[in-house]
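Beneath this line is the structure, given in structure tokens, with notes to follow.
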Number of protein chains: 2
Amino acid sequence: MVTKRQATIADVARRAGVSTATAGRVLGGYGYSSGEKRDLVLKAAEDLGYRPNQLARSLITGRTRTIGFVAGDIQSPFFAKILRGVSDVLEPKGFGLLITNSDETVEGEMESIRLLSEKQVDGVILSPCDVEEAAHLRKLVQTTPMVLIDRQVADLDVDSVGVDSVAAAEACVRRLIAEGHRRIGMVAELQFGPWTDIESFVRMVRTNPDGIGAIYPSWQRFMGYVRAHDACDLPLDLSLIARVNSYSTEDTKATVLRLLGHPDGPSVLFTADGLMTEGTMMAIFERGLRIPDDISLVAFDDLDWMSFIGPGIDSIGQPRRKMGEAAARMLIERIGGFDGPPRREKLPVRDNRRGSVCVLATGRD
Amino acid sequence: MVTKRQATIADVARRAGVSTATAGRVLGGYGYSSGEKRDLVLKAAEDLGYRPNQLARSLITGRTRTIGFVAGDIQSPFFAKILRGVSDVLEPKGFGLLITNSDETVEGEMESIRLLSEKQVDGVILSPCDVEEAAHLRKLVQTTPMVLIDRQVADLDVDSVGVDSVAAAEACVRRLIAEGHRRIGMVAELQFGPWTDIESFVRMVRTNPDGIGAIYPSWQRFMGYVRAHDACDLPLDLSLIARVNSYSTEDTKATVLRLLGHPDGPSVLFTADGLMTEGTMMAIFERGLRIPDDISLVAFDDLDWMSFIGPGIDSIGQPRRKMGEAAARMLIERIGGFDGPPRREKLPVRDNRRGSVCVLATGRD
DNA sequence: ATGAAAGCGCTAACAT
DNA sequence: ATGTTAGCGCTTTCAT
């Protein structure tokens, strides 16, 4: 069963009685070839079961028709759906897709990039795990086209796709306020970034809103939360923020349980992403609370199950598959030589209403 | 910003004042080299920011340290989790992971395999979409190590990983019977395979149980269902089988709705996989039924949300990540030259009890 | 221990 | 239109 040697162009050429160049031209679909020789070559290739060796081709052309994808964690539905979009665009064009996990660590990301560059990928799609420490990305981008997904990096002018998290979160929280909610809890991982304490972040949002460069989606969503409060003159109560320490459901659950234990707790919870939502659901379940009777819930990022559990969970849905498609499309354009200025594509979100938010008051009065 | 040429071994050798052979030996970690030259080369490589070109190396060694994975659909949690296991084993060993979708069509699978072989992957992990029509797989396996996941193929003697679906399903249905259920509905996609009608399949299960070769997991689970009925002397009622026509939640939902509409419907539903479960949940939700008061439910394959919705869904959990790890490990062994007989690894399932099954009677009496 | 030289399988100049 | 000849960047004889 061991490795039967594959036929090469030389084998085909010999059998067809032509030069390797001619065989190559026919098989590779470049240059000229007459119908007669053409048939000979094709026949010979067929007989020998010839399959081109992309490696050899790539070595000389300098293109592998393979792109790399660095995900935080492929098993999360967020990345899995994006990946599907990427692969849908890539496969019809004959591009391969090499995937790696960064596990949201800079070391993992660097390791991934090393692997991908050694394999000579034509381009990279990645969701950077650090929006500031990005020397390795800055270096990569000098030799390889790159598209960022979900997050952006400060001072790194490359194509990116994502959604307008600030606006979406603000709209969502404004709606909660309009529906009568006054104590709105937020569940988010707000660990990294230049702000050690939330207060200074809030101050910055208020004093110098445009001075904030690239920040994590979680922070952006929190920014929207703050803005909505300010716009509606609802005072912020930071004790309503469930600030999760690590990106895990267990930690989220524990943090939310603590928040729910407070005497004057929130009437609604707003979760910053899918994982936060799962942890929050666990906490709500453990406490035996019913949605929306005991507590309301809105989630950033839509998940499959939200539509088929009673009563269904309201969510802000990101077009994950489309994001993947857009990223792949932009990357292929760059690989094809497009050299315009960096594009920051923002895709529209979906506002899914399913009845997980209790209306305490009608807005207009 | 365009493509700054990468330093090659020749560049490093020149700068270090040695031959390309010596530079190669140091950088590639093969052959002999004295400490002195060694340092010179390393220094030069460092200065130039040398990165090896795996392509060139692979062309000559014949190994790419890349493996291919053909999934049905990467965005499904089933494959996403398996993929994670695969990548966990691969990354530390410096292997790349090239993924493709077959979309459960033979054409897609062939296309995937073509792409992967042209990229000269060292091995392939795949979940075959047809357990019979597999000439292309038989051909592939002559040149490339392969590990099958989830499903097996008739007359294809290669390594595989999966679970014992028949036994797991039988145990599950036996339990339902022991708990007093007499009308057990099953939701499964039972379209392909040699059986056009369920009756003849049932006959075969009963008359010649070992004569059944490789069949789809869905059929295996149905086989377990039949066996449990036979073992407990509970007559089969085929009107309780929701036989879904296509692998989609919408179709599943419609089919289950029809089943639930019957006057003498099931007291419990057993779903054959994650997608069937989702469609079933939609139908249950649409009908406004409560679990387990109005209807009980057990699912094959565990999904994230099953643990945090009230009351939680009972499930048979497959060790998806472990399956991926096992597949990757076996594949790497084969690539490393292991030449023993094909191994068919069966991993144990988990029996998750969460209260979605109503106990109608206690078994012992 | 090191270097010279010959490829791996293919494409790209350059002739003809 | 076809063949000849050089490589792509690396590893691997084979000398020395």
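Because the structure is a prediction, the values reported are computed rather than measured. Below, each value reflects all heavy atoms present in this structure, side chains not excepted, and no hydrogens, waters or symmetry copies. Chain naming here is simple, since letters A, B, ... match the order of the sequence lines and numbering starts at 1 in each.
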- Query: When you look at NZ of B:K43, are more than 12 heavy atoms from neighbouring residues, nucleotides or ligands closer to it than 6.0 Å?
  - Reply: no
- Message: Any donor-acceptor pair under 3.5 Å linking the side-chain atoms of B:T66 with those of A:K119?
- Response: yes
- Query: Taking 4.0 angstrom as the limit, do B:R114 and B:E111 come out as a salt bridge?
  - Reply: yes
- Between A:E333 and A:R329, is the closest basic N to carboxylate O distance under 4.0 Å? no
N/O (side chain, [X]) to phosphate O (OP1/OP2, [N]) under 4.0 Å:
X: A:S34; N: D:dT2; answer: yes
X: A:Y30; N: C:dT11; answer: yes
X: A:S19; N: D:dG3; answer: yes
X: A:Y50; N: C:dC10; answer: yes

[X] [atom1] to [N] [atom2], straight-line distance once rounded to whole Å:
X: B:Q120; N: C:dG9; atom1: CD; atom2: P; answer: 9 Å
X: B:N53; N: D:dG9; atom1: CG; atom2: C1'; answer: 6 Å
X: B:Y32; N: D:dT11; atom1: OH; atom2: C1'; answer: 16 Å
X: B:I9; N: D:dC8; atom1: CD1; atom2: P; answer: 14 Å
X: B:Q6; N: D:dG9; atom1: CD; atom2: C1'; answer: 12 Å
X: B:K119; N: C:dC10; atom1: NZ; atom2: P; answer: 14 Å
X: B:D11; N: D:dG9; atom1: CG; atom2: C1'; answer: 10 Å
X: A:L48; N: C:dG9; atom1: CG; atom2: P; answer: 14 Å

- Item | Nearest to side-chain heavy atoms of B:T22, which nucleotide of D:dG9, C:dG9, C:dT2 | C:dT2
- Per nearest nucleotide of DNA chain C, the residue lying toward the 5' end, B:R38 or B:I60, is B:R38
- Note on the structure: Whichever of B:R25 and B:L59 has the more 5' nearest nucleotide on DNA chain C, that residue is B:R25
- Side-chain donor/acceptor of B:R51 to base of D:dG9, under 3.5 Å: no
- Message: Under the side chain to side chain donor-acceptor pair (under 3.5 Å) test against A:S160, which residue among A:E345, A:Q152, A:R343 passes?
- Response: A:Q152
